[in-house]
Trainee: 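Before anything else, here's the structure in question.
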Amino acid sequence: MMRVVSCTVLSAGLFVSAVQSATFDVNSAVDAVDALPGDGNCATIAGACSLRAAVMEANAHSAADEIVLPAGSFELTLAGTGDDDSLSGDLDVRASLVLRGAGPTLTTIDGVAMDRVLDLHAPTETLSVVVEGLALSNGRLTQVLTVSAGTGLRVAQNVVVQLLDVDIRDNEAGSAFGGAVGIDNRGCLGGLRVRILRNRDPADVGSGRALAGGVTTRGPSSCFTLIDSEISENRGDNAGAIYTDDFAPITLTRSLVSGNSARVAGALLLNNRNEVLLEDTTLSGNRGNYGAVLNDGGARLTLRNCTITGNGGSNAMATVGALQDVHGGFGLIFLSNTIVAGNGPGFAADDCSNVTSAGGGNLIGSIAGCTASLLASDRVGIDPGLGVLADNGGLTRTHLPGAPARDFGVDAACSAIDQRGVTRPRDGNGDGVARCDVGAVEFTEAQFLDGFE
């Protein structure tokens, strides 16, 4: 049962000035509009403070207001599409805001499969939004949207958004669709402990409806950064997890990308000169014609202390099991202390096409079909002995490294902490010398549930 709290603002009963922020405590799960937007009171005609009414009041103020949601499910039941003022359908945010719930497993904003869930609009100047402790779920778009979509969350240009402990999950593409199912980002998005899960085109892979299952991020002024996060079990056409275009940069740190699927790239499709950094991150079990990553259009991908394994074809076989780089020569994929092994089978290559060692310490399982510029500290044709993807401590699942990956990294290229938050380097082979391990996980003799010793 939803906990009911009083609906209050900082200046209760008065109009809120342009410089005064307000806090709205939502006390009703009934989806209803605000009776008089701009009067400083979050109140429907019934006198309750609904989520929609709180958003409408916040939009009427120039100050950055806060909306507090208790535990419960807040269903957006007012039918309608094309409205940009939160009168129906999705929630349209047009002013700086903090939207805070009780936790992503406790507080859910539910689109009831009628419209997008949350839409952050482009203002004339920069808009700042914080979304914390809630889930955006069950959104569904049926109209044709070839420019932007984002069934769970749309972030427009000039919007800066922080996601803290947020789930974007179980959103769906409709019968006529373009863009991404989970998040469409043209602003600057930073996320900590974000989970983008099971956002899908319900049709078979290859339908062409959803450009990406998880995320699209585009534009030279955009940014997309996730830390301690997970993108899993999403399905799209061009990319399962992330499609990026138009110079958009991406950084994933201490994160997991797993079980995503698409016709083209199972995990990531990089296009048009994107700068992409993956650090202490695992790509596992993704399925596409290019199992994990397709790097195209002059994009540059850097992998530091990552684990790329178990990726392959949507059906029987991929063209390349893990990393496909189309730039020729040694390409624009740069590796250090990274495992690329156990992928495929691939018609052209199991593990990679073109890669360059950018510091050494890499372990590549199969070099067949892969044009590689390697250093003396890199090793090929070796099974890293990885454990299954499992909870080994930390915030995301990982593959524990086997003996061939322990203490074989290059310390100069070693990240400070691993995917679980364990400090590096450690003595992983018992010889009394602490050396960096290859891959996303630093092996420790005592593996505690929280990932720390």
Trainee: Decide, yes or no, whether a salt bridge links Glu233 with Arg198 under the criterion of side-chain N to carboxylate O below 4.0 Å.
Mentor: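 No, Glu233 and Arg198 are not salt-bridged.
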Trainee: I'd like to know if the side chain of Ser96 and the backbone of Ser128 have a donor-acceptor N/O pair within less than 3.5 Å.
Mentor: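 Present.
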Trainee: Given Asn138, which of Asn171, Asp110, Thr151, Asp170 fulfils the side-chain hydrogen bond (donor to acceptor under 3.5 Å, both in side chains) condition?
Mentor: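 Single pass found, and it is Asp110.
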Trainee: So how far is it from Arg426 CZ to Asp418 CG, rounded to the nearest 0.5 Å?
Mentor: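 Spacing of CZ (Arg426) from CG (Asp418) equals 8.5 Å.
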Trainee: Ignoring hydrogens and angles, tell me if any N or O in the side chain of Asn238 forms a donor-acceptor pair with the backbone of Ala212 under 3.5 Å.
Mentor: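 No.
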Trainee: Does a donor on one side chain and an acceptor on the other come within less than 3.5 Å for Gln419 and Thr396?
Mentor: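 Their side chains do contain a donor-acceptor pair, which is all the 3.5 Å distance test asks for.
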Trainee: So, Thr108 and Ser73: side-chain donor and acceptor under 3.5 Å apart, yes or no?
Mentor: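 Note: Thr108 and Ser73 side chains miss the donor-acceptor criterion.
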Trainee: Kindly indicate, with the supporting measurements, whether the criterion side chain to side chain contact (heavy atoms under 4.5 Å, CB included) is fulfilled by Leu278 and Arg304.
Mentor: CA-CA 6 Å; Leu278 307 185; Arg304 298 175 184 162; over 6 Å; no
Trainee: Any chance you could measure Ile367, atom CD1, to Asp378, atom CG, to the nearest 0.5 Å?
Mentor: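 One gets 9.0 Å once the value is rounded to the nearest 0.5 Å.
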Trainee: Taking atom CG of Leu197 and atom CZ of Arg169, what is their separation to the nearest 0.5 Å?
Mentor: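 Those atoms lie 8.0 Å apart.
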Trainee: For Gly240, does its backbone N or O pair with a side-chain atom of Asn286 as donor and acceptor, under 3.5 Å?
Mentor: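 Absent.
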Trainee: Distance-only, no hydrogens or angles: does the Asp391 side chain make a donor-acceptor pair with backbone N or O of Arg397 under 3.5 Å?
Mentor: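 Absent.
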Trainee: Counting distance only, does the side-chain N/O of Asp92 pair as donor-acceptor with the main-chain N or O of Ser86 below 3.5 Å?
Mentor: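 Indeed, once roles are kept as given, a pair shorter than 3.5 Å links the two residues.
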Trainee: Give the C-alpha distance, both sets of side-chain angles, the deciding distance and a yes or no for salt bridge (charged side-chain N to carboxylate O under 4.0 Å, His left out) between Arg116 and Asp90.
Mentor: CA-CA 5 Å; Arg116 178 188 290 117; Asp90 60 13; 3.3 Å; yes
Trainee: For Asp351 and Ser366, does a side-chain donor sit closer than 3.5 Å to a side-chain acceptor?
Mentor: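 Side chains of Asp351 and Ser366: no pair found under 3.5 Å.
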Trainee: Between Asp165 and Arg193, does at least one N-O distance fall below 4.0 Å, as a salt bridge requires?
Mentor: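 Judged by the 4.0 Å cut-off on N to carboxylate O distance, Asp165 and Arg193 do form a salt bridge.
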Trainee: Got Ile109 and Leu91 here, is their nearest side-chain heavy-atom distance under 4.5 Å?
Mentor: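 The answer is yes, as the side chains (C-beta and beyond) meet within the 4.5 Å cut-off.
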Trainee: Would you say Arg273 has more than 12 foreign heavy atoms packed within less than 6.0 Å of its CZ?
Mentor: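 Check fails, neighbour count at 12 or below.
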